[in-house]
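Notes follow once the structure below has been shown.
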Amino acid sequence: MSASLEKGVRVLKEVIDAPIASYFNSCVHCGLCAEACLFYTETGDPKYTPIHKLEPMRRLYEQEYTALGRLKKLVGLSKAVTDAELAEWQELVYNSCTLCGRCSVVCPVGNDIVYMIRKFREGMSASGNAPEGIKGAANRTIKIGSPMGVKLPAVRAQMRHVEEDFGLPIPMDAEGAEYLVMLSSMEIMNFPEYLGAIAKIMHQAGKTWTLCSTAFEATNAGMQIGNSDLARVIVSRIVEGAEKLKVKTVISPECGHAYTALRWEGANLMGRPFGFKVRHIIEVLGEFQEQGLLKTEGFETDRLTFHDPCQLARRGGVIKQQRNLMNMVAKNFVEMPDAGFMNWCCGGGGGASAIEEGEELRMEAFKKKKSQFDTVKPDRVVTACANCRIVMEEGLEHYKMNLPVVGLTEMIADHLPNPVVTKPEGN
Amino acid sequence: MSELQFLTWVRGPGLDLAIGIFLMGVLWRLFEIYSLGRKKDLAEPRSVAGASGMSTVFRRSIPPAGMLKNSPVTYVAGYVFHVGLAIIVFFFAPHIKFFQSLLGVSWPGFPSQLIDFVAVLTIIAMLVLLFDRITKPVKRYLSTFQDWFTWALTFLPVLTGWMAVQHLLLPYTTMLALHILTVELLLIFLPFTKLFHAFTVFGSRWYSGAVNGHKGVAV
Amino acid sequence: MRDKEGVLLAGLAEHGVSRRTFMKFCTTLASLMALPAASGVAMAEALATARRPSVIWLHFQECTGCTESITRSHSPTIEGLIFDLISLDYQETLMAAAGHQAEEALHKAMKDNEGKYLLIVEGSIAQGLNGAYSTVAGRSNLDTLKEVAKGAAAIVAVGSCASYGGIPKANPNPTSAASVSDIIKDKPIVNIPGCPPIPVVMTGVMAHFLTFGSLPELDKLGRPKAFYGETIHDRCYRRAFYDQGKFAKTFDDEGARNGWCLFELGCKGPVTYNACATTKWNGGTSWPVESGHGCLGCSEPDFWDAGSFYKALSMPANPLKVASGVAAVGAAVGVAVSLANRAKKGAAKAAHETTTLPDLEK
Amino acid sequence: MASTNDKEFREKLESLSASQQRQVAALFVQRVFGLSNDVRIRAALDVAMRPEISDAELAVVSQAANAAKVESYAQCGKDTDWNTQAGLFVAKAAVSCINPIAEGKNLAWEAAMQVRVARTCEAASGDVKDHKEAEAQYAILDDFLRKQGNRP
């Protein structure tokens, strides 16, 4: 069985619903969504206008679900959607869209454009028009368990390293723990300090937690490619792991899209509400801070600013926690223009950074983030998403800006006193 | 056919036809659009004050941070046009008479000099918006025949209405008849073009607000 | 009837009308017709020395209101006297003769003044059953009109009936009544609509014809522009109230007593071209709006079918009557499409093939 | 006397001057340089070895090392193997060695940690030999301190 236009069209017929119909009938071509999309503002190319990225789906909706539309198609006034057209639209729907949702919040008639892009990707992926990069990631996630091919032994090696350095035990498959901690491959490979930070935080907060051997990967390439069937397979592992270990809360790591996939799409993919809660690590740190469980020492004095990952802040509703945490450890924290809810995307989310052919466009789009940094001129940038960190570091390197990017969880952990613990005899 | 016969026709059968098609079109399209339904969101909700469908219906009328500075023409001319049109249609004495005869409801109107001034502002705003659609690359790129057609459909009633009141160009009888005729064309095409956003905008904003409100995000 | 050959001015003197009064009449008439002042003098000379024109007045489908209006003279008005002094050779209402004698008078007048007499028509002409609906002396109005019109120098259609068909032509128009200009195509015709028309308009046209030997400048509907160039609304003394939005809501409310605009009570002033607001009626006593009732628009074609006299111009007849039916059709179409959509969406869901990794490749 | 645990090891490193920290850090990285063999890292280590380094030179070589680090990040969604990944942490350690801003930081400790992570990557790629990196680092520190004439 292989992808085909016919399968893609059928999936689109399945996912087009009343909101999408209402949105397509409300669009008045005012062009404001373009002004909110960094792929347009930084390139000036009108083809990157968000609503234009949905043109094939709009025509399909009109031809399939409106009486006049069917008539127009019958008499040849409205040309059918072709595979060639979908192939041409791949660049618009994937390379130039990180599902950041800025277009949806500015649309004057209230069209949730990112909601529609996510549904359009269902048709694009089913018709075989998804980028190689994300297809590879999806393949590896399903076959091996991680989009970057990370296997359990690698995770165990990192656990041993943290146990030696911090002297803190890293529980694995500990049934009945309160928290199940998920990791993302980007963290395991590029920022292993995250696991140590978690261990320190949980230790000081006095909370029980565990990793899960059958489900350590939080990211969901199935959702990024926009295919619910694949996304369901990936997310079901986490759900089974969490339910097997009877945990109360699953912590989504410093990654934007993993949080969206697990917290907002997870239950809908599984078709049933979860028995456990899902919280982003920043949400959990926020709760610990409110409960007075995070006693930090000392302050960062250099000029820091915070980059809000789109899926966490605008799309996920977590905004004030990161500010409270920053103020707990930083003396000189300054906000960028448009920070928080209206923040500009790093340009690499939603699987975009896995698309090699989208590299050049991403560097163009990064100029927006660069302009935010230029305005504030920070010494360092703090964020809460491993992928944002790497995308921004690559962008800063491209523009020869020497600006380190650090993770908030890591920074909080650095300010926790080193754990005083007797060396456990054999774990 | 004399002017009065023309006026009599547009006021009589013409209006019946137009209002008929308008109501028919509105109901037909509303059913057609909103019957597609929406799946229930099973994710654990997060309730945040102000994050709901209904609040977005109103809040989305306010330009989001930074957007007014970014596109002042679209917002300012857009508001002057929409507010101006609303004032003219709902607060000009003859219009109120018209609604009263239709619905039996009446309300106080504004003095005709104010309406006349607002009409001039509305006409100017629409011309500005037309110029913007012609010159701005994104708007030009997005525009199809329907965008230009609906602009004319909306502009002519305001222009002819204002000229009728001012007794300009044509005898009052003819201009009034033209005004009513252009309104009828507007009514007939409204449900089948992007002008239907006048109805679906509330549904769209509500959905957008509800979907994000479930996540505790006030859009 | 007066001596047909007498000189007009001499006749006037007999009635105690001095030359000065006559001159004043002519100049006001000229000004009324928007003619230059000098033509007032020319008009006076022409009228004074005019040979008394032969006038034939035919009555067809009408209520004789026009004759009533024209001859109404509760005080001896100049208009009335003028009519006394023209050679009114045939006027079924006013002439003493009747029956065959009257008919002979008609044909004698036609023969004596072949090609020079002025034909005045009052009432619309029934065309149904080729004129059988309305006959005089056994002959249909249709035939009479055609015959008499042949020798006429010009035709004056008096009243909305003769001008546009008037009330007999109102829906459903059982006699398929028509106006003079519907039937006679080869003669200069002046329409003087109104139900009834204003007397001074009659004399104005007569004076113009006698003085200049031609008809006054006419508008698209054949009406003298001098009298029908402006709408009642533009000349109405209550216009200021309209502009301020001060409207009487009922015929006896405070607005009505204050003489506010009657727009909301159905006044058709804005769409009616006539001289009522300036010449007024009954010798300047008053006119409909001044008496507190809205203008009916009686000088406009098909004014009787132009919607209720008491509904404001901006108020439609009754659109919802038809509209609600059509709306129901809309709802039905909507529901039908909805069911079709749900079926199509269900089918797509049923035929869903779960995507597996290989399905990502084309 | 060699320190026996990281707490003591870290405090000793913290007490060193900036240039001493750079030199010790370079020694730590020297042990794992084979995992990266990027010429820019080689240059960084050579510079870090010298007691006096001009700010300008420091800036140039740190810019290059930083570029090497960014380029060796594992790309999102790409298939990555642990050996090349180890090179990233060697680069990170080198960047710490020649970080222009030293005050308020314990560059040597940061470099030591990154070197150990590089070893973990080696382990993750299946090379199960235990390099006892921590003890080796303790020994390097003591040897360096003895040469500097400070009491160990």
Which portion of P108(A) sits near chain B, non-hydrogen atoms under 4.5 angstrom:
backbone
Could you state the interatomic distance from CG (L92(A)) to SG (C97(A)), rounded to the nearest 0.5 Å?
10.0 Å
Residue among K215(B), R205(B), R133(B) with most heavy-atom pairs under 4.5 Å to chain A
K215(B)
Tell me, for P63(B) versus chain A, whether the close heavy atoms (under 4.5 Å) come from the side chain, the backbone, both or neither.
neither
Row check, W344(A) ring normal vs K369(A) NZ/CZ: under 6.0 Å, within 45°:
no
Report which part of F24(A) has an atom under 4.5 Å of a heavy atom belonging to chain B: side chain, backbone, both, or neither.
neither
With a 4.5 angstrom heavy-atom cut-off, could you sort out which part of I51(A) is near chain B: side chain, backbone, both or neither?
side chain
Are E88(A) and K47(A) ion-paired here, with the side-chain N under 4.0 Å from a carboxylate O?
no
Need one label for T56(B): side chain, backbone, both or neither, based on atoms under 4.5 Å from any heavy atom in chain A.
neither
Side chain / backbone / both / neither for A51(B) at chain A, heavy atoms under 4.5 Å
neither
Between C103(A), C37(A), C33(A), which is the residue that forms a side-chain contact (heavy atoms from CB on, under 4.5 Å) with K53(A)?
C37(A)
Cation over ring, K277(A) on F274(A), under 6.0 Å and within 45°?
no
Tell me, side chain or backbone of Y40(A) under 4.5 Å from chain B's heavy atoms, or both, or neither?
side chain
Does the distance from a Lys or Arg side-chain N to an Asp or Glu carboxylate O, for E64(A) and R10(A), drop under 4.0 Å?
no
Which one wins on heavy-atom pair count under 4.5 Å against chain B: C107(A), S104(A), G101(A)?
C107(A)
Which residues in residues 144-151 of chain B have a heavy atom less than 4.5 Å from any heavy atom of chain A?
T144(B), D147(B)
Is any side-chain N of the basic residue among E122(A) and K119(A) closer than 4.0 Å to the acidic one's carboxylate O?
no
When rounded to the nearest 0.5 angstrom, what is the spacing between NE2 in H197(B) and OG1 in T193(B)?
9.0 Å
Residue from V28(A), T49(A), I16(A) scoring the most non-hydrogen pairs under 4.5 Å with chain B is V28(A)
Do NZ/NE/NH1/NH2 and the carboxylate oxygens of E32(B) and R29(B) come within less than 4.0 Å?
yes
So, the part of R140(B) with a heavy atom under 4.5 Å from chain A: the answer is neither
Give the ring-plane orientation class for F199(B) versus F22(B), where under 30° counts as parallel, over 60° as perpendicular and anything between as tilted.
tilted
Heavy-atom pairs under 4.5 Å with chain B are the metric here; pick the option from M270(A), E55(A), R279(A), R314(A) that has the most.
R279(A)
Please classify the contact of Y34(B) with chain A as side chain, backbone, both or neither, using a heavy-atom distance under 4.5 Å.
both
Could you tell me which portion of R272(A) (side chain, backbone, both or neither) has an atom closer than 4.5 angstrom to a non-hydrogen atom of chain B?
backbone
Quick test of your reading of the model: are K73(A) and E62(A) salt-bridged, counting only N-O distances below 4.0 Å?
no
Can you see which heavy atom on V73(B) is nearest to which on L129(B), and at what distance?
O-CD2, 4.4 Å
Test: R323(A) and E335(A) ion pair at under 4.0 Å:
yes
Chain B: which of A21(A), S26(A), G31(A) shares the most heavy-atom pairs with it under 4.5 Å?
S26(A)
Of the listed residues (Y23(A), W264(A), F341(A)), which shares the most heavy-atom pairs with chain B below a 4.5 Å separation?
W264(A)
Looking at F196(B), Y75(B), Y207(B), W206(B), which has the largest count of heavy-atom pairs under 4.5 Å with chain A?
Y207(B)
Counting heavy-atom pairs under 4.5 Å with chain A, the top scorer among H214(B), K136(B), M67(B) is M67(B)
Checking heavy atoms, do the side chain of V211(B), its backbone, both or neither come under 4.5 Å from chain A?
side chain
Quick check on the 6.0 Å ring-centre criterion: do F192(B) and F189(B) meet it?
no
May I ask you to decide whether D17(A) forms a salt bridge with K39(B), counting only side-chain N to carboxylate O separations under 4.0 Å?
no
Report which part of K40(B) has an atom under 4.5 Å of a heavy atom belonging to chain A: side chain, backbone, both, or neither.
backbone
In this structure, is the centre-to-centre distance between the rings of H52(A) and Y141(B) below 6.0 Å?
yes
Taking A267(A), A34(A), S22(A), G266(A) one by one, which has the highest count of heavy-atom pairs under 4.5 Å against chain B?
S22(A)
